[in-house]
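Structure first, commentary second.
Every heavy atom of this structure was used, including side-chain atoms; hydrogens, water molecules and symmetry mates were not.
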Amino acid sequence: MLDAAVVGGGPGGLFLARLPMLRGTARRVTVHERNAPDATFGFGVVFSDRTMSAFERADPDTHRRIVEASVAWTDMELRYGGRSLRYGGYGFTAIARKTLLAILQEQAAEAGAELHLEDPADALELTSAHDVVVAADGVNSATRNALADRFGTLARPGAGKYVWFGTRAPFEVVTFPFVRTAFGAFAAHAYPYGEGLHTFIVETDETTWRAAGLETSTERSAAPGSATPTPRSSWSRSSPNSSRVTRSW
């Protein structure tokens with residue numbers, strides 16, 4: 001049986017660590033995560049019905065725990081110009097990222113995986129001690145960057161600008177508001193992920209972003225994942241002509 005190591009203790013790395021132990025295909029799996037167990041960046045995580053079905057097939061017990069701690073809906077809503085359009089047929093499940101991490105950490109440990117938190121590890125150094133090493137260290141993977149030539153990595157940064165908020169403003173389903181301002185168009189992507197808690201992502205193009213004066217941060221904002229109220233961010237600060245970016249979503 002395999003002796004495996006996983007670099008990265010996010011949702012993907014933790015779920016992967018549990019499965020081979022659950023199936024008896026690994027005698028040992030160790031997870032190395034550089035952050036603390038409750039450290040997270042962002043608010044809610046959304047899974048489609050198709051992904052949830054894959055969870056259930058792979059691991060019914062973990063699926064049950066995620067369902068019990070999440071919210072679900074089947075509709076989407078578009079908003080523009082004071083009008084809205086709601087349509088159904090798209091099932092989604094959302095859960096607080098911190099809750100999801102806690103569940104997956106517990107499930108991985110319950111299956112016998114060893115969790116080494118606040119323990120940054122080098123995937124290349126681990127290869128001499130393990131049969132398999134999995135790099136699950138995120139979109140800015142140090143492993144992938146170090147081995148970009150061997151992996152054939154090609155990264156193209158996008159030009160769009162976005163900011164990720166958490167809000168208590170009510171959104172029953174995943175909602176896509178579009179707003180035109182004097183500076184250009186803004187769009188939002190909002191959805192519930194817990195009791196009274198919602199993710200609210202605002203997006204725009206770089207030209208609009210600069211026209212609104214948002215390229216310069218002038219006020220303190222909350223740390224990622226923090227629920228602590230802070231002063232209004234630069235996304236809604238006054239522009240030189242005193243117009244405001246804020247609109248009713």
- Query: Taking it one step at a time, do R168 and E195 satisfy salt bridge (charged side-chain N to carboxylate O under 4.0 Å, His left out)?
  - Reply: CA-CA 9 Å; R168 293 189 180 277; E195 186 65 34; over 6 Å; no

- Item | Where V31 and G9 come nearest, the two heavy atoms and their spacing | CG1-CA, 3.9 Å

- With no hydrogens and no angle check, is any side-chain donor or acceptor of D131 less than 3.5 Å from a backbone partner on D3? yes

- Item | T175 (side chain) donor-acceptor with F171 (main chain) under 3.5 angstrom | no

- Distance, nearest 0.5 Å, that separates OG1 of T30 from NE2 of H116: 5.5 Å

- Between the main-chain N or O of F186 and the side-chain N or O of E203, is there a donor-acceptor pair closer than 3.5 Å? no

- Query: Can you check side chain to side chain contact (heavy atoms under 4.5 Å, CB included) on I95 and I66, steps first, answer last?
  - Reply: CA-CA 7 Å; I95 184 171; I66 291 173; 4.3 Å; yes

- Charged N to carboxylate O under 4.0 angstrom, E215 versus K161? no

- Query: Quick one: does T216's side chain have a donor or acceptor within less than 3.5 Å of a partner on G213's backbone?
  - Reply: no

- Should L16 and V133 be regarded as members of a common hydrophobic cluster, given that ILVMFWY residues are connected when their side-chain heavy atoms come within less than 4.5 Å of each other, either directly or indirectly? no

- Is there a side chain to side chain contact (heavy atoms under 4.5 Å, CB included) between D61 and Q107 once you walk through the steps? CA-CA 9 Å; D61 189 51; Q107 292 293 92; 3.1 Å; yes

- Specify the closest pair of heavy atoms between F176 and V174, including all atoms of both residues, with the distance to one decimal. CZ-CG2, 3.8 Å

- Flag side-chain contact, heavy atom, 4.5 Å: R97 against P11: yes

- Item | Heavy-atom side-chain contact between L101 and P37 under 4.5 Å | no

- Between OG of S84 and CD of E77, what distance do you get to the nearest 0.5 Å? 4.5 Å

- Donor on one side chain, acceptor on other, Y80 and R180, under 3.5 Å: yes

- Supply the atom-to-atom distance L78 CG to F178 CZ, rounded to the nearest 0.5 angstrom. 6.0 Å

- Verify, without hydrogens or angle tests, whether D205 (side chain) and G160 (backbone) share a donor-acceptor contact under 3.5 angstrom. no

- So, does T62 use its side chain to make a donor-acceptor pair with the main chain of D59 at under 3.5 Å? no

- Do you know which two heavy atoms are closest between L19 and A58, and how far apart they sit? CD2-O, 4.0 Å

- Same cluster (ILVMFWY, side-chain, under 4.5 Å), M21 and L14: yes

- Item | Which atom of A190 lies closest to which atom of F200, heavy atoms considered | CB-CD1, 3.6 Å

- Message: Distance check, rounded to the nearest 0.5 Å: E125 atom CD versus H32 atom NE2?
- Response: 11.0 Å

- Query: Which one of F92, W73, F55 satisfies the ring-ring contact (aromatic ring centres under 6.0 Å, His included) criterion with F47?
  - Reply: F55

- Residues A94 and P192: closest non-hydrogen pair is CB-O, 3.1 Å

- Hey, do the aromatic rings of Y191 and H189 have their centres closer than 6.0 Å? yes

- Query: Are the side chains of Y193 and V46 in touch, meaning some heavy atoms are under 4.5 Å apart?
  - Reply: no

- Message: Could you report the tightest heavy-atom contact between G44 and T199, atom names first, then the distance?
- Response: N-OG1, 3.2 Å

- Message: Using a strict threshold of under 4.0 Å (side-chain N to carboxylate O), is an ion pair present between R18 and E110?
- Response: yes

- Heavy-atom neighbours of R34 CZ exceed 12 at 6.0 Å: no

- Message: Is there a path of hydrophobic side-chain contacts, each under 4.5 Å between heavy atoms of I/L/V/M/F/W/Y residues, joining L22 to F15?
- Response: no

- Query: Same hydrophobic cluster for L197 and V45, using side-chain heavy-atom links shorter than 4.5 Å among ILVMFWY?
  - Reply: no

- Taking the side chain from T204 and the backbone from A185, do they hold a donor-acceptor pair closer than 3.5 Å? yes

- Item | Interatomic spacing from CG in L124 to OG1 in T143 - rounded to 0.5 Å | 7.0 Å

- Query: Under 4.5 Å between any side-chain heavy atoms of L126 and V7, yes or no?
  - Reply: yes

- Item | Pairwise distance CZ(R65) to OG(S70) - rounded to 0.5 angstrom | 12.5 Å

- V173 vs M76, side chain to side chain contact (heavy atoms under 4.5 Å, CB included): CA-CA, chis, key distance, verdict: CA-CA 6 Å; V173 298; M76 292 185 177; 5.9 Å; no

- Stepwise, does the ring pair (Phe, Tyr, Trp, His ring centres under 6.0 Å) test hold for F43 with F165? CA-CA 8 Å; F43 298 94; F165 295 110; 8.4 Å; no

- Query: Is there a side chain to side chain contact (heavy atoms under 4.5 Å, CB included) between V67 and E56 once you walk through the steps?
  - Reply: CA-CA 10 Å; V67 168; E56 187 173 24; over 6 Å; no

- Task: Check the hydrophobic clustering (I, L, V, M, F, W, Y; side-chain heavy atoms under 4.5 Å; chains of links allowed) and say if V6 and M1 are grouped together.
- Result: no

- Ion pair check, E114 and R28, cut-off under 4.0 Å: yes

